[in-house]
Amino acid sequence: MRPYSTTAQISPMSIDITSAYQPIVSLDDRTVVGYEALVRTCGDGPSMTPPELLLAARAQGITAEFDWRCRASALRGAVEAGYPERLALFVNAEPTALDAPPPQDCLSLFAEASRLSIVVEITERDLMGDPAGLLRAAEHARNMGWRVAIDDVGADSSSLALIPLLRPDVIKLDMALVQGRSTDETAAIVAAVAAEAERTGALVLAEGIETDRHESFAHSMGAVLGQGYLYGAPASLPDFGVVTEPVHSLDLSAAVTVRAPVAVTPYGLTHPLGAARQADSTLLDAIENSLLRSAYGTGSSTVVLATHSSSTGVTPARAAIYEDLVARTALTAVFDSHAAPAERSFRTVIVGADEPLAMERSIIVLAPMSSVALIAVERGAGDDGRLLYDYRLTYDRHVVLDAATVLLRRIPDRSAI
């Protein structure tokens with residue numbers, strides 16, 4: 001194959017592609033429990049790496065079409081090899097493509113492959129660019145009966161931040177964690193992943209295992225699955241019709257489902273917490289500022305979401321805090337019915353003045369090892385003219401995650417703004 005020139009305007013849809021499959025093993029005994037399908041160019045056309053192919057597809061506005069083409073290649077290879085139903089098949093997918101309908105000429109293939117145990121790997125690199133799209137993608141995958149994996153956890157802060165929101169069945173640790181030296185940052189990532197695995201039953205998979213030392217390190221980080229050249233390079237699948245060894249299934253026993261809060265605003269989720277407390281705007285300001293200060297020390301994988309009622313809006317002092325948090329967190333987003341100045345760097349979502357959310361004010365801080373939410377709704381003004389609120393302060397992680405999900409679903413795709 002000819003090397004690819006980045007200046008060439010070649011459509012990824014016209015290049016011959018195939019799929020190679022790399023084994024995924026149980027670290028306890030190295031038995032193969034699945035394969036990951038990886039796209040490769042073939043034939044006489046230009047040679048392009050997967051990142052180059054995806055970059056070209058994005059530049060040409062055909063990400064969904066190319067992503068479906070890659071998935072079809074992965075499934076076709078598995079079907080032709082007689083892939084066992086109990087063996088997990090990991091297939092990469094761009095979140096934006098999961099919402100797109102499959103090509104008509106692949107429907108029969110997808111029907112035939114529906115018997116397979118498919119695990120969809122979320123591969124989007126700008127994870128916080130479109131959090132609402134990511135949530136929809138995970139929901140779509142689960143509605144199709146597929147499992148969900150988050151890839152390259154630890155490569156950047158946003159992948160760790162989204163783990164509790166996407167509720168993956170498999171958490172794939174980035175190869176740099178296995179192959180690099182242990183650091184304080186590595187320890188923090190390992191601790192956060194271990195906590196999530198304990199809460200949900202998600203399986204931890206270590207990528208990039210090339211030596212026995214890497215494997216030992218993966219064990220020490222809590223991984224139960226492994227992938228890397230120590231167990232095999234990406235290659236063609238074996239012909240399972242003639243394989244005599246027993247097939248081992250992936251132990252995905254956790255009943256993980258889509259996080260689907262039914263309320264339209266965060267306050268609607270707080271009623272099971274008991275009676276609301278009352279406070280005026282001065283006390284609420286103080287509590288909110290305290291929670292925001294706590295977010296300074298929770299690390300770069302923290303998500304901070306804030307809503308402001310139409311009566312108050314964002315003050316200059318509060319805006320300064322949000323600006324400071326942008327560089328310290330994976331995402332800081334503010335929901336407000338007042339238009340934000342263009343120079344602000346935190347994400348702003350406009351709320352209609354007649355929406356129920358415009359009557360609420362809240363601070364939600366979601367970190368890998370902690371979570372808290374202060375959620376309040378206006379109840380008129382007191383004798384001194386100060387606004388009064390009913391509020392609930394909760395550290396219940398499920399309530400905090402549901403409230404965060406309600407708000408994240410409203411954040412528009414950053415690339416579309």
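Under the 4.5 Å side-chain criterion, counting only non-hydrogen atoms from C-beta, Ile62 is in contact with Pro12. Contact annotation: the side chain of Glu215 never approaches that of Glu210 to less than 4.5 Å [non-hydrogen atoms, C-beta and beyond].
Taking the six-membered ring for Trp and thresholds of 30 and 60 degrees, Phe240 and Tyr35 have ring planes more than 60 degrees apart, a perpendicular arrangement.
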Requested in this report: Go through the steps to decide whether Trp146 and Phe90 satisfy the test ring pair (Phe, Tyr, Trp, His ring centres under 6.0 Å), and finish with yes or no.
Outcome: CA-CA 10 Å; Trp146 303 334; Phe90 285 68; over 10 Å; no
Report task. Check the pair Glu94 / Arg58 against salt bridge (Lys or Arg N to Asp or Glu O under 4.0 Å), numbers first and verdict last. Result -> CA-CA 11 Å; Glu94 289 294 306; Arg58 284 179 173 173; 2.9 Å; yes
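Checking Thr307 against Ser362 by side-chain atom types alone, a donor-acceptor pair falls below 3.5 Å. For the residue pair Asp396 and His398, no side-chain donor N or O sits within less than 3.5 Å of a side-chain acceptor on the partner. With 3.5 Å as the limit, one finds no donor-acceptor pair spanning the side chains of Thr96 and Thr63.
Side chain of Tyr21 to main chain of Ala74: a donor-acceptor pair is present (N/O by atom type, distance under 3.5 Å, no hydrogens or angles).
Relative to the ring axis of Tyr389, Arg361 places its NZ or CZ within 45° and under 6.0 Å from the centre.
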All N/O donor-acceptor pairs, side-chain side in residues 367-382, below 3.5 Å, sequence neighbours left out:
residue	atom	partner	partner atom	Å
Glu378	OE1	Ser311	OG	3.2
Glu378	OE2	Ser309	OG	2.9
Glu378	OE2	Ser311	OG	2.8
Arg379	NE	Asp390	OD2	2.8

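Taking every heavy atom of both residues into account, Arg71 and Ala97 meet most closely at NH2-O, 3.5 Å. In terms of heavy atoms, Ala330 sits closest to Met128 at O-CG, 3.7 Å. In terms of heavy atoms, Ser117 sits closest to Glu85 at OG-O, 2.6 Å.
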